[in-house]
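Side chains are part of it too, since the values below use all heavy atoms of this structure and drop only hydrogens, waters and symmetry mates. Numbered from 1 within each chain, the chains take letters A, B, ... in sequence-line order.
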Amino acid sequence: MYYCINVKIIENKQVNKNFYKLSFKSNISKEFSPGQFLTIDCGMSLRRPFCIFNVEENIIEILYKVVGEGTKFLSRKNKGDIINIFGPLGTGYNINEKHSKLLNVLIGGGTGIAGLYFLAKELNRKYNASGIIFYGTKKNDEIINISFLKNYGWEIKISTEDGSKGYRGKITEIFKNWLIKNNKSNIYVYAAGPNTMLKKIIEISKKNKIQLQVSLQQIITCGIGACRGCVIDTINGYKTVCHDGPVFNGYDLIL
Amino acid sequence: MFKLKNPVLIASGIAGFGEEYSKIFDLNLLGGFITKTITLKPKIGNKPPRILEIENGLMNSIGLENPGLEIFIKEKLLWLNKNIKIPLIVSIAGDTIDEFVKIAKILDKQKGIFGLELNLSCPNIKYKTKCFAQDKEMLYKIVKKVKENTKLFVIPKLTGIVDDITETSILAEKAGADAISLINTIPSLVFLKNNSMFTGGLSGKCIKPIVLKVIQQVNKNIKIPVIGCGGINDFNDVIDFLKTGAKYVAIGSGLFKNPLLVKEIIMKFNILKKSFLNYEKNSSGT
């Protein structure tokens, strides 16, 4: 079931240099699962897609980075303003008991962390599972505080490309080095971030025979799989990111 | 005569074969449903990226991705016939005149089809260096041959990129068209940040003034109804099209901004209609 509704903003807070957290109340909150997204009319020709960052009772939170006109428009909205949302959209992470028993490794680059936060909470709530979160950004001032997840047993490894916080280097390198050092088997990876990062993560995972699901970032047009505008190449032909994805089995993608 | 119960349609390609959008609103509110373009053989479409947003507009390069005529009949048409009670218009495209005729003949035998929209103007598919709607002789032949081989309504979809759109439209009417769709997305090119090029069909707000001028020009010279398409984003845009002479409108990329757009527009029409009827009833009583 899709909902295209107006909602009132409870909070639209700048959380660091470029990131904002926006929350609103809606009784459709229970319908979202991790990895799914909604779109918001940001005054442009196309709606902007946002992963669900957190769901708390009937409050939905999204996390976004101001990157262009659409997100700039959104960042100017205040508490009490009305926005039009459309969702839940897409196929989210496939989580089940079998996967959750493996060592869960979540890898989030930049805004990719948004959907993984919700996933980490749900893995814990549904299967009492936790694991390791690799969270990397370019610089210190782009990091979102996710330390709350430690309460659910998650170990958080932060890295920045310039070394201003946590490990220094690209998140893909940090993950690769960790794999080499720890020589662990029975790992299950969930990754989200820019496509170049995901391509690397898929490469590393394939090499180490690790199963993984990745969440793609893409321009969204219709949002429901009708117009075929957002397709991505897979071993099964073109698939829509908005409906077949945004979460795909990493082994299926041809990036 | 080509007649629909209300003037609002969805443009070909936007809503696929209906199933997805039927989960958002009742498609039977529409004046008619136009499918995504079908070709004889399946088409995988163009390599991504297929979409580019520009100021006040949208470019697409889908490349007519579709499952082909056989799967369309076996699966999509089955669903459409079960769920769509309004006139069904199937958009078709071929590489040759014979292909158009072949598809038309096969669809003519199927149940539940009202008309065929001939996609002669897709900016992302070329016959030689131009599209069929830019070649007067081919345009005339395709419309005429298709018309000779089907009892379904035939609606060629034309491009605005021709020397004289009036002449092209008159030609389509002479060839036997029952209505015409004006216009397809406009071939366009944009440079991206990395200096690569994106080419595709331009739609959205920025093309509306162009389409209105085309319709005004054509409408004076033909008798068949015009389905206007390009840049409709609200009820007032529809009114502009109708004022200019379009009998019907097909809504396209406006649905991406507001998935409920067509429903909202039709509701507004219905409210207006009701208040007019009420007014007439009340005034005739006095």
Side-chain angles (χ1 to χ4, degrees), chain A residues 1-6 31 38-49 67-71 73 83-91 195-196 216-246 253-255, chain B residues 10-25 27 35-37 42-67 193 198 200-207 231 233 252-261 263-264:
Chain A
M1 177 87 184
Y2 300 117
Y3 300 88
C4 185
I5 50 173
N6 288 334
E31 315 235 355
L38 52 79
T39 60
I40 300 178
D41 180 356
C42 293
M44 311 288 285
S45 298
L46 293 179
R47 300 169 76 89
R48 297 297 189 254
V67 287
E69 289 303 314
T71 39
F73 171 95
I83 49 169
N84 184 262
I85 65 149
F86 180 39
L89 304 176
T91 308
N195 283 4
T196 43
L216 298 180
Q217 296 176 347
Q218 174 69 299
I219 293 171
I220 298 298
T221 31
C222 73
I224 53 175
C227 79
R228 315 290 300 171
C230 65
V231 298
I232 189 99
D233 205 6
T234 77
I235 54 168
N236 304 311
Y238 289 141
K239 296 280 173 196
T240 57
V241 173
C242 75
H243 187 67
D244 302 315
L253 293 173
I254 305 170
L255 286 179
Chain B
I10 296 181
S12 172
I14 299 293
F17 303 100
E19 211 169 333
E20 296 86 2
Y21 271 95
S22 73
K23 290 172 192 155
I24 304 176
F25 62 90
L27 292 174
T35 68
K36 182 165 179 57
T37 298
K43 256 193 164 42
I44 59 165
N46 291 343
K47 247 178 96 167
R50 293 177 168 186
I51 296 287
L52 183 71
E53 185 186 48
I54 64 165
E55 209 168 332
N56 288 315
L58 192 67
M59 285 167 67
N60 87 78
S61 176
I62 310 285
L64 298 189
E65 177 181 351
N66 80 90
K193 271 185 194 150
F198 184 89
L202 180 63
S203 64
K205 258 186 191 170
C206 60
I207 76 163
N233 271 276
S253 46
L255 265 175
F256 298 153
K257 183 174 166 64
N258 177 6
L260 294 174
L261 181 62
K263 183 184 170 184
E264 286 170 10

Shortest non-hydrogen contact from [X] to [Y]?
X	Y	result
A:R47	B:N258	NH1-CA, 4.3 Å
B:R50	A:G229	CB-O, 3.5 Å
B:G45	A:Y238	O-CE1, 4.1 Å
B:I24	A:F86	CD1-CZ, 3.4 Å

Judged by atom type as modelled, is there a donor-acceptor pair below 3.5 Å linking the side chain of A:R228 to the main-chain atoms of B:I62? no
Honestly, the part of A:M44 sitting under 4.5 Å from a heavy atom of chain B is both
Check each atom of A:I219 against the heavy atoms of chain B and say whether the ones under 4.5 Å are side chain, backbone, both or neither.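 A:I219 touches chain B through side-chain heavy atoms alone.
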Distance (rounded to the nearest 0.5 Å) between [X] [atom1] and [Y] [atom2]:
X	Y	atom1	atom2	result
A:D233	B:I44	CG	CD1	8.0 Å
A:Y2	B:F25	OH	CZ	13.0 Å
B:I51	A:C227	CD1	SG	5.5 Å
B:L58	A:L46	CG	CG	4.5 Å
B:E264	A:C4	CD	SG	7.5 Å

With a 4.5 angstrom heavy-atom cut-off, is it the side chain or the backbone of [X] that approaches chain A, or both, or neither?
X	result
B:K47	both
B:N233	neither
B:I14	backbone
B:K36	side chain

I need the single residue from B:E53, B:E55, B:K205 that forms a side-chain contact (heavy atoms from CB on, under 4.5 Å) with A:S45. Which is it? B:E53
Trace of the side-chain contact (heavy atoms from CB on, under 4.5 Å) decision for A:V231 with B:E65: CA-CA 11 Å; A:V231 298; B:E65 177 181 351; 4.1 Å; yes
Residue B:K263 excluded, over 12 heavy atoms near NZ under 6.0 Å: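 It does not: B:K263 NZ has 12 such atoms or fewer within range.
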